[in-house]
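Residue numbers run from 1 in the order of the sequence given.
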Amino acid sequence: MRDLGTDARAGTAGAAALAAPSVTEIETFLQRLAADPPETDAADRIDRIAALESLRAAAEAAQTETVADFVLSQRQAAADRGVPAARRDRGVGAQVALARRVSPTRGQQHVALAMVLRVELPHTRAAFRAGRIDAFKATLIARETACLSAEHRALVDEQLCADPEVVERLSPRQLVGRLNRSAAELDPAAVVRRRRRAE
């Protein structure tokens, strides 16, 4: 089986030279994915499953990146119209929800994740975009570090995701355990406050 981690790293390195696919190209690729795959052997089918898993995660990341771009563009448009800063996100989550076919609450959650990844979790964002982790793991990292200061959050992000192979190998439960330990080491009081709010 191919080393998909190496494939993903090579793809990330070459990403700057590639243009993101257009909507038409994405729709064409969706049609190709819906076609029956060619007859092949078991090893190739396993490779296909693994490659499609990386594709799924990278597609989630691309969608999240587009959400962040949309939020920033809407904020700028609102600022240009003189809208106060506190009101510039109004309706953005609802539009994202419609596009993603989810509830307004989920739409707002997608907006929040996109902006946290863009602003505060660069290593998590990079691992996500490379298809090394999926949206669920990215959400866990954002959620479990939310109680920390920006400085501590950035430190956990670097420790855990600077080498994507580390976070890629962890199960969701192991990931939460690592995040909780890191948070407790960096800011025990913040963890206690979070537990009290949860209770």
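For Gln95, the side-chain contact (heavy atoms from CB on, under 4.5 Å) criterion is met by Phe70, Gln74, not counting sequence neighbours. In terms of the salt bridge (charged side-chain N to carboxylate O under 4.0 Å, His left out) criterion, Arg100 has no residue partners (sequence neighbours excluded). Scanning for side-chain contact (heavy atoms from CB on, under 4.5 Å) contacts around Ala112 gives an empty result, with sequence neighbours left out. Here Arg194 pairs with Glu144 under the salt bridge (charged side-chain N to carboxylate O under 4.0 Å, His left out) rule; sequence neighbours left out. Glu151 is linked by a salt bridge (charged side-chain N to carboxylate O under 4.0 Å, His left out) to nothing, counting only residues two or more places apart in sequence or in another chain. Applying the side-chain contact (heavy atoms from CB on, under 4.5 Å) test to Arg173 and every residue at least two apart in sequence or in another chain returns Ser171. With sequence neighbours left out, the side-chain hydrogen bond (donor to acceptor under 3.5 Å, both in side chains) criterion links Thr40 to Asp44. In this structure Asp134 satisfies the salt bridge (charged side-chain N to carboxylate O under 4.0 Å, His left out) test together with Arg56, sequence neighbours excluded. Partners of Ala34 under the side-chain contact (heavy atoms from CB on, under 4.5 Å) rule, at least two apart in sequence or in another chain, do not exist in this structure.
The cluster map of Ile, Leu, Val, Met, Phe, Trp and Tyr, joined by side-chain heavy atoms under 4.5 Å apart, puts Met115 and Val83 in different clusters. The same ILVMFWY cluster, assembled from side-chain heavy atoms under 4.5 Å apart, contains both Leu121 and Leu148. In this structure, Phe136 is a member of the same hydrophobic cluster as Val167, with clusters built from ILVMFWY side-chain heavy atoms closer than 4.5 Å. Linking ILVMFWY side-chain heavy atoms closer than 4.5 Å, directly or via other members, places Leu175 and Val156 in a single hydrophobic cluster. Linking ILVMFWY side-chain heavy atoms closer than 4.5 Å, directly or via other members, places Val96 and Leu113 in two distinct hydrophobic clusters.
From Gln109, atom CD reaches atom OG1 of Thr139 across 8.5 Å, with rounding to the nearest 0.5 Å. Taken from NE2 in His152 to OG in Ser182, the straight-line distance is 11.5 Å, to the nearest 0.5 Å. Within the model, atoms CG of Asp41 and CD1 of Ile46 stand 10.5 Å from one another, a figure rounded to the nearest 0.5 Å. For the atom pair CG of Asp163 and CD of Glu158, the computed distance is 11.5 Å after rounding to the nearest 0.5 Å. Rounding to the nearest 0.5 Å places CZ of Arg178 at 10.5 Å from CD1 of Ile141.
The two residues Pro188 and Leu186 come nearest to each other via the heavy atoms CD-C, 3.9 Å. Summarising the geometry of Ala68 relative to Arg118, their closest heavy-atom pair is CB-NH2, 3.5 Å, with the distance given to 0.1 Å. Closest heavy-atom contact between Pro21 and Glu25: CA-OE1, 3.1 Å. Annotation for Leu170 and Leu160: closest pair CD1-CD1, 4.0 Å, computed over non-hydrogen atoms. Considering all non-hydrogen atoms of both residues, Ile133 and Phe128 come closest at O-CD1, 3.3 Å. Considering every non-hydrogen atom in both Gly107 and Ala97, the closest pair reads CA-CB, 3.8 Å.
Side-chain contact check for Asp187 versus Ser149: every heavy-atom pair is 4.5 Å or farther apart. By the 4.5 Å heavy-atom criterion applied to side chains, Cys147 and Arg193 are not counted as neighbours. Counting heavy atoms from C-beta on, the side chains of Thr105 and Gln108 never come closer than 4.5 Å.
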### Message
Walk me through whether Arg125 and Asp157 qualify under salt bridge (Lys or Arg N to Asp or Glu O under 4.0 Å).
### Response
CA-CA 9 Å; Arg125 178 188 177 199; Asp157 175 58; over 6 Å; no
### Message
side-chain contact (heavy atoms from CB on, under 4.5 Å) for Val192 and Arg195? Distances and angles first, verdict last.
### Response
CA-CA 5 Å; Val192 170; Arg195 287 175 180 164; 5.5 Å; no
### Message
Could you walk me through whether Leu179 and Arg143 satisfy the side-chain contact (heavy atoms from CB on, under 4.5 Å) test, starting with their C-alpha distance in whole Å, then the side-chain angles of each, then the deciding distance to 0.1 Å, before giving a yes or no?
### Response
CA-CA 10 Å; Leu179 290 164; Arg143 185 187 75 191; over 6 Å; no
### His110 vs Val102, side-chain contact (heavy atoms from CB on, under 4.5 Å): CA-CA, chis, key distance, verdict
CA-CA 10 Å; His110 290 311; Val102 296; 4.1 Å; yes
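Judged purely by atom type and a 3.5 angstrom limit, Arg153 uses its side chain to pair as donor or acceptor with the backbone of Ala142.
Residue pairs satisfying the side chain to side chain donor-acceptor pair (under 3.5 Å) criterion with at least one member in residues 79-92, sequence neighbours excluded, are listed as follows: Arg75-Asp89, Gln76-Asp80. Pairs engaging residues 27-40 under the salt bridge (charged side-chain N to carboxylate O under 4.0 Å, His left out) rule: Glu39-Arg45 [sequence neighbours left out].
Membership of the apolar cluster around Leu33 extends to Phe29, Leu52, Leu55, as traced through chained side-chain contacts below 4.5 Å between ILVMFWY residues.
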